[in-house]
Amino acid sequence: MSQTLVPRSRSFMRRAMGARSAVWRVDGVLLVAVMALSVIGTLLVWSSTRSWAAGAPTGMVKKHMLNLAIGWVLFGIAALGDQRTLRIYAPAIYGVSLLGLLAVITPLGSTINGSHSWILLGGGFAVQPSELAKPALILMLAALLAEPVPGTDRPRPLDLLLCAAAAAIAMGLVMLQPDFGTTMVLAVITAAAMIFAGLRKRYIAGLALLALAGAAAVWLLGLLKPYQIARFTAFINPANDPRGAGYNSTQSLIAIGSGELFGKGLFHGGQTTGRFVPEQHTDFIFTVVGEEFGFLGAVAVVALLGVVLIRGLRIARRSEDRFSAMAVGGIVCWFAFQTFVNVGMTIGIMPITGVPLPFVSYGGTATFANMLALGLLQAVHIRERPF
């Protein structure tokens with residue numbers, strides 16, 4: 001009996017010590033930056049929802065903090081795991097994400113804010129499968145492109161075709177919702193993966209032309225809803241319809257501009273309290289930053305997101321294998337694109353799309369996806385050896 005217990009106890013101790021050692025090897029700068037963004041996001045959600053949320057003034061922020069708590073648990077699980085095993089399970093993870101996207105377009109799906117993108121779970125909770133499709137697609141593309149042509153760093157033609165097919169299926173299901181913002185994110189992830197894999201320049205140019213042709217087809221075939229078309233046309237000149245399609249753009253600029261250099265202070269934003277800008281706790285949360293924290297606060301938030309991106313690029317550069325490097329690179333491009341689009345649409349340099357600000361905006365499924373991706377970054381960093 002003692003002979004069987006001793007090896008088991010030693011095995012348990014080795015796993016415990018291994019987990020403890022992994023904790024000390026995390027990227028502290030990246031971790032602190034995300035923690036700071038989470039705290040700032042919680043304050044902004046509280047400020048933007050306290051006047052109207054159920055159970056005000058803390059009803060919505062309590063739910064946000066619960067989402068964050070679950071997200072940090074998911075982060076810990078992902079960070080302590082071995083990212084190399086994800087290469088084996090990537091097809092299964094991708095397949096499950098497709099099942100979620102398919103479930104949305106069945107009677108199980110529900111429409112919120114014009115997009116049929118949700119599955120209601122009851123108790124005020126809902127899941128958005130398109131958010132989880134982002135990390136799933138990244139893992140699938142990284143697994144497909146992890147093996148280049150022998151003797152080169154170029155991807156194999158068959159792998160490129162499989163990547164294009166995987167991305168097209170996911171993007172097609174998301175467009176059926178329709179969710180153009182998430183479709184753009186998936187397209188950027190796919191393009192980034194192929195570029196990182198060493199795709200030749202002429203093929204990159206061909207993909208760009210194909211993407212433009214696809215966008216034109218979506219427009220000409222009427223696959224976009226009228227309100228989505230109105231958002232794009234209002235982006236060109238929101239003053240043409242300040243109370244209609246251009247309302248969000250106009251009000252977001254007013255809110256950000258009114259904060260000036262130092263802001264009006266937390267909970268003291270007139271635009272935020274009056275709910276002049278719709279969805280200020282999700283897609284337009286950057287307007288709360290600009291109004292209540294001012295220009296300096298907005299710069300601080302962007303700087304923290306910049307730290308996340310820079311540390312992610314550092315991890316990608318020092319990854320121990322091609323799969324890890326490509327997965328991390330895809331995550332960085334995902335966060336970078338969403339940050340640019342979200343901030344850009346509030347300051348008038350991008351069309352309005354439903355894309356949340358990573359680690360700041362309210363949202364359960366988006367938070368879970370972000371934290372899982374962050375955990376993968378840390379898992380790669382913990383096992384980092386120059387590749």
Side-chain angles (χ1 to χ4, degrees), residues 94 97-98 101-102 104-105 114-117 129-131 133-145 148-149 154-237 245 249 326 329-342 344-345 348-355:
Y94 171 76
S97 73
L98 291 186
L101 294 176
L102 285 170
V104 168
I105 59 178
S115 292
H116 197 76
S117 307
S130 58
E131 287 292 336
K134 298 172 185 176
L137 181 61
I138 288 173
L139 292 176
M140 187 63 187
L141 296 179
L144 287 172
L145 298 173
V149 174
R154 304 290 183 184
R156 293 178 294 191
L158 177 60
D159 292 337
L160 289 174
L161 291 175
L162 291 175
C163 285
I169 294 171
M171 287 188 289
L173 290 175
V174 173
M175 275 302 299
L176 290 176
Q177 298 177 6
D179 185 349
F180 191 68
T182 301
T183 304
M184 289 195 302
V185 175
L186 296 178
V188 168
I189 288 172
T190 304
M194 292 187 175
I195 292 173
F196 291 156
L199 190 64
R200 296 182 184 277
K201 294 180 180 179
R202 61 175 178 270
Y203 295 132
I204 295 174
L207 285 175
L209 293 174
L210 184 62
L212 290 174
V218 167
W219 184 280
L220 295 175
L221 294 175
L223 298 180
L224 295 178
K225 298 292 184 180
Y227 75 91
Q228 292 175 314
I229 297 175
R231 285 178 177 179
F232 279 93
T233 54
F235 160 68
I236 301 173
N237 187 5
S249 297
M326 294 195 60
I331 292 170
V332 171
C333 289
W334 160 22
F335 289 162
F337 182 71
Q338 282 202 188
T339 298
F340 176 75
V341 171
N342 182 276
M345 71 181 186
I349 64 173
M350 287 292 291
I352 293 176
T353 55
V355 176

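Owing to the predicted nature of the structure, the values given are computational and were not obtained by experimental measurement.
Among residues at least two apart or in separate chains, there is no side-chain hydrogen bond (donor to acceptor under 3.5 Å, both in side chains) pair with a member in residues 186-198. Contacts classified as salt bridge (charged side-chain N to carboxylate O under 4.0 Å, His left out) and involving residues 329-340 (residues at least two apart or in different chains) are not found.
Closest heavy-atom contact between Leu145 and Ala193: CD1-O, 3.6 Å. Residues Arg156 and Pro148 share a closest heavy-atom pair of CG-C, 4.2 Å. Between Ser249 and Ile352, the shortest heavy-atom distance links the atoms OG-CD1, 3.2 Å. Taking both residues in full, the closest heavy atoms of Met345 and Pro351 are given as CB-O, 3.5 Å, listed atom of the first, atom of the second, then distance. Taking each heavy atom of Ala142 and Met326 in turn, the nearest pair found is CB-CB, 4.1 Å. Nearest heavy atoms, Cys333 versus Val188: O-CG1, 4.5 Å.
Rounded to the nearest 0.5 Å, atoms CE (Met184) and CE (Met171) are 12.5 Å apart. Once rounded to the nearest 0.5 Å, the distance linking CD of Glu131 with OG of Ser117 reads 9.5 Å. Of the inter-residue distances, the one linking Thr182 atom OG1 with Leu173 atom CG reads 12.5 Å to the nearest 0.5 angstrom.
Between Thr339 and Asn342 the shortest side-chain heavy-atom distance does not fall below 4.5 Å.
Evaluation of the side-chain contact (heavy atoms from CB on, under 4.5 Å) rule for Leu162 yields Leu144, Leu158, Asp159 as partners, not counting sequence neighbours.
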Take Tyr94 and Ile169 through the test side-chain contact (heavy atoms from CB on, under 4.5 Å) and record every step on the way to the result.
CA-CA 11 Å; Tyr94 171 76; Ile169 294 171; 3.8 Å; yes

side-chain contact (heavy atoms from CB on, under 4.5 Å) evaluation trace for Met194 with Leu141
CA-CA 8 Å; Met194 292 187 175; Leu141 296 179; 5.9 Å; no

